[in-house]
Amino acid sequence: MPLDDRQDRYPFPEIEARWQQTWADGKQFKVTEEPGRPKYYCLEMFPYPSGRIHMGHVRVYAIGDLLARYKWMRGFNVLHPMGWDAFGLPAENAAIDNGVHPAVWTYENIENMRTQLKRMGISYDWDREVATCDPSYYRWEQLVFIRMLERGLAYRRRSRVNWCPSCQTVLANEQVEAGRCWRCDSEVTIREIDGWFFKITDYAQELLDWCDRLPGWPERVLTMQRNWIGRSEGAEFALPVAGRPEVKITIYTTRPDTSFGMTYAVLAPEHPLVDSLAVADEERGRIAAFRAEVARETEIERLATDRPKRGLRLAARAINPFSEQEIPLFLADYVLMGYGTGAIMAVPGEDQRDWDFARAHDLPVIATVKRPAGWPEDQAYTGDGVKINSGFLDGLTIEEAKRKAIDWLVAKGVGQAKINFRLRDWGISRQRYWGAPIPVLYCERDGMVPEREENLPVVLPRDVQISGKGGSPLAEVAGFVNATCPKCGGKARRDTDTMDTFVESSWYFLRYCSPTYDRGMFEPAAAAYWMPVDQYIGGVEHAVLHLLYARFYTKVLRDLGMLKVDEPFRALLSQGMVIKDGAKMSKSKGNVVDPDDLIRRYGADTARLFSLFAAPPEKDLDWNDRGVEGASRFLNRIWRFVHTHLAELNGAVAGRGAAVAGRGEPEASRADTEIEPAGAGRGAAEGEPSEYKKEVTESAGHATSDAGHATSEAGRAFRRVIHATIQKVTHDIEHDFHFNTAISAVMELVNALHDFERASLDGMARPERSALLREAVEATVLLLGPVSPHITEELWAALGHRESLFKRAWPIADPTALARDAVEIVVQVDGRVRGRLTAAVDAQEAEIREKALADGKVRPWLDGRQVAKVVVVPGRLVNIVTRG
RNA sequence: GCCGGAGUGGCGAAACUGGCAAACGCGCCGCACUCAAAAUGCGGUGCUCGCAAGGGCCUGCGGGUUCGAGUCCCGCCUCCGGCACCA
């Protein structure tokens, strides 16, 4: 078929639409569990249905689809699903702004985005699509909520929480970024409010431990999770208050070895013992004023570490149990109630913050670690050293002293070793409408009561006024709030908060295993077959949020006896952002590229090719319109080559000179090149299904009947290029997902194909040439299939194949084709390349050495110099080292 | 401050366990086709000295190890990301 005259481009709109239809009609990517066949669960983070896909989506889905299609070709049973993270605030904000119901808005957006995604030609099993706002979805997380409640893994308490004044709702710690709301960037304030929590802190240690057992995860994500969990080892002990034996302040420290240097102690302003410590009314007044002052600070101010530390000295004094000295007690804003015990021992000698505070308040400093020579006078010392001024700890190392100090506390019965985590429980109540209702009621008689399981789901009511003025909209819906107590049948009120949408995304990958199952969250056998996700792909912005929650939730489900896996995602590919003109694509910066435009102008295959070619997936991708042109040009070049050589290419197989013209309707005889992978034949073991190699090797022999016997020098060289490319592309995909270099290898093959085509016109036997051209073209089409599936399907059909490219096995490099008998060896003199020589692959070192020393290009460089040494690296280079 | 990651042509980027730096693509230059342009094809393209043959210099900076360093070691600088009065 000729190029489209008008555009000089191959007719991608027609081709892409047709193949998308063919795949859909044939349910080609629909999967079911096939016990005994190796599975591959390939998952991209599902999108929030904002209404339109953006380039970031194109990038993730192109990556995921490449892997999914590649694994199909390698014989795996591939689960590749798609769905919608459908609850959330934007829907509600749209309702406030435009008066559209969030449900209407959401489902319209889903329709839109589904159409867009289908135009990308991703190999999803659309029969497994889920939307988290569907009651048949969230009913199961309500059930799990109740089970968690029974186990104490979900609990309700009043607490100081992060509050976004703009979103009018509570935020979890993970959803606050540098004091601002992760979604709307408003400054976060603190509120004391009743709410539900998931006890993720119970899993802190396990979540941390498994960070060391996830080799398929990028190190940077694991590091972020470790930091977030924030484990620290130390000691906790009672700090006596002078003259007040009934008051016991517990302090936490990671440096019990420095206890002798404790010259004062500090309580957080909100510390509950502060009230009982105050003696006079006058002091109570000052405390109240200090607390008010601290409370006025915004989160942002509090985060600034360089600002002077405020403190208030209390009348009460404490006793350092180590030195038995009386020391002053302070309230100070640099001590946080939320970490440790909310009280610290201050050791200005070995802690810079304490040092700064001690300076400002004229407090004594005792050094308990010997300073290295020249240590500045005006700094705390946190380095290593020997203990001094520390009574029974003197002379010990820090580590020894830590242990001995803890032993001493234990012996005295006042303290013990203690491990602390920075991780806080996950606050999941949201004072908003568009979320899953919390399945709990409050009865006048029985108090808080969970809904009965048989009454689930607690359906989110449709009729609701959304004002955005604050307060849970559900509280205004009488028909929802007023209910009967599941326990006594009396009057009860429903909880009117909804769950954080991160709860839905914590298990959607499980729902995909059996999306319509109605007797539980997922069908156990299906989950057992598909889980864990083999490859998860998504943006790094979820490094601690979603990825930590999902890990936690999976462990909870395991402990509830519902699931057998410890971790949901075996491997994670954390893809970079899409950048244009030096900034992340965003409407406000005006640098967005609309995927729809792109696909309309160049086709999905080009959009996918470029986004995979421009950068390795983990790096940020610099969008470049010219680069897209280049990708398009490349596909056109292949198209043109195949169609201008179609007669020769198709004649080659049967060895007939007769041309088979016309696209896609070749003769049936072509079937002999087809591999029909029977279900049984496809794959036995993971990674490299055993019967697979044989099958493909045979096929290679078939498809290249004449080329296999390529005897000319040029023919063998070209065939080596073909098979080296197969090897490289396979390696790049398997080894480190460097699709950019895989694609560049195919580009090189296509360049070599053009060179060969020209060079072989004279002097090469026609059958050999034709067979090699066909072998190269088939390899190109196969290798490029997972990247640009439509054009390759079309070309594959044009080459006479009747079955989809993706039912065909991935090619394997033929070792005989790769074998070479001579290699080029570089000759260096003193590390500089001076000549080259050709030697047999199995040439002995001595032989290479002689050849190198005798080389005409090399000799002048040895003139007047002595050869000191000759380094021979077989198959690579010779370095002649000279002297004089 | 702590923890990660990265610095390579005009640009996006390559370089497996130390072995020809800059593959591939973009851009640019030249040529062919064309009345002309577009498209396409072919060739060139790190910097620098030279008419040329050919030489010298190049992977953020300074040292080191090595026959040989983009890659390993030590010390810096810059940028990006995460965490951050976490005791």
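Note that the structure is a prediction, hence the values are computed from the model and not measured. Throughout, a chain's letter reflects where its sequence line sits, starting with A, and its residues are numbered from 1. Note: hydrogens, waters and symmetry copies are ignored here, and every other heavy atom, side chains too, is used.
A side-chain donor-acceptor contact under 3.5 Å links A:D830 and A:T882.
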Scan nucleotides 10-17 of chain B against the protein and return all N/O pairs shorter than 3.5 Å with their distances rounded to 0.1 Å.
{"residue": "B:G12", "atom": "O2'", "partner": "A:A614", "partner atom": "O", "Å": "2.8"}
{"residue": "B:A13", "atom": "O3'", "partner": "A:N740", "partner atom": "ND2", "Å": "3.4"}
{"residue": "B:A14", "atom": "OP1", "partner": "A:N740", "partner atom": "ND2", "Å": "2.9"}
{"residue": "B:C16", "atom": "N3", "partner": "A:R876", "partner atom": "NH2", "Å": "3.4"}
{"residue": "B:C16", "atom": "N4", "partner": "A:R876", "partner atom": "NH1", "Å": "3.2"}
{"residue": "B:C16", "atom": "N4", "partner": "A:R876", "partner atom": "NH2", "Å": "2.3"}

Extract from the structure each pairing of a protein N or O with an N or O of nucleotides 42-44 of chain B at less than 3.5 Å, listing the distance.
{"residue": "B:C42", "atom": "OP1", "partner": "A:R758", "partner atom": "NH2", "Å": "2.7"}

Give every pair of a protein N or O atom and an N or O atom of nucleotides 54-56 of chain B that lie under 3.5 Å apart, one pair per line with the distance.
{"residue": "B:G56", "atom": "OP1", "partner": "A:R834", "partner atom": "NH2", "Å": "3.2"}

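If you check residues 221-231 of chain A against RNA chain B, the residues with a heavy atom closer than 4.0 Å are A:T223, A:M224, A:N227, A:W228, listed by number.
For A:D333 and B:A87, the CG to P distance is 17 Å, given to the nearest whole Å. Between A:E541 atom CD and B:G81 atom P the separation is 13 Å, expressed in whole Å. If you take CG of A:L612 and P of B:G25, they are 17 Å apart, rounded to a whole angstrom. Between the C1' atom of B:A87 and the CD1 atom of A:I419 lies a distance of 16 Å, rounded to the nearest Å.
A:R640 pairs with exactly one of A:V642, A:N636, A:I638 by the side-chain contact (heavy atoms from CB on, under 4.5 Å) rule, that one being A:N636.
Scanning for ring-ring contact (aromatic ring centres under 6.0 Å, His included) contacts around A:F290 gives an empty result, with sequence neighbours left out.
For A:R220 and B:C3, a side-chain-to-base donor-acceptor distance below 3.5 Å is absent, hydrogens and geometry of angles not being considered.
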* With the sugar-phosphate defined as primed atoms, P, OP1 and OP2, and the base as all remaining atoms, what B/S/- string results for nucleotides 67-75 of chain B, 5' to 3', for protein heavy atoms under 4.0 Å? -> BS-------
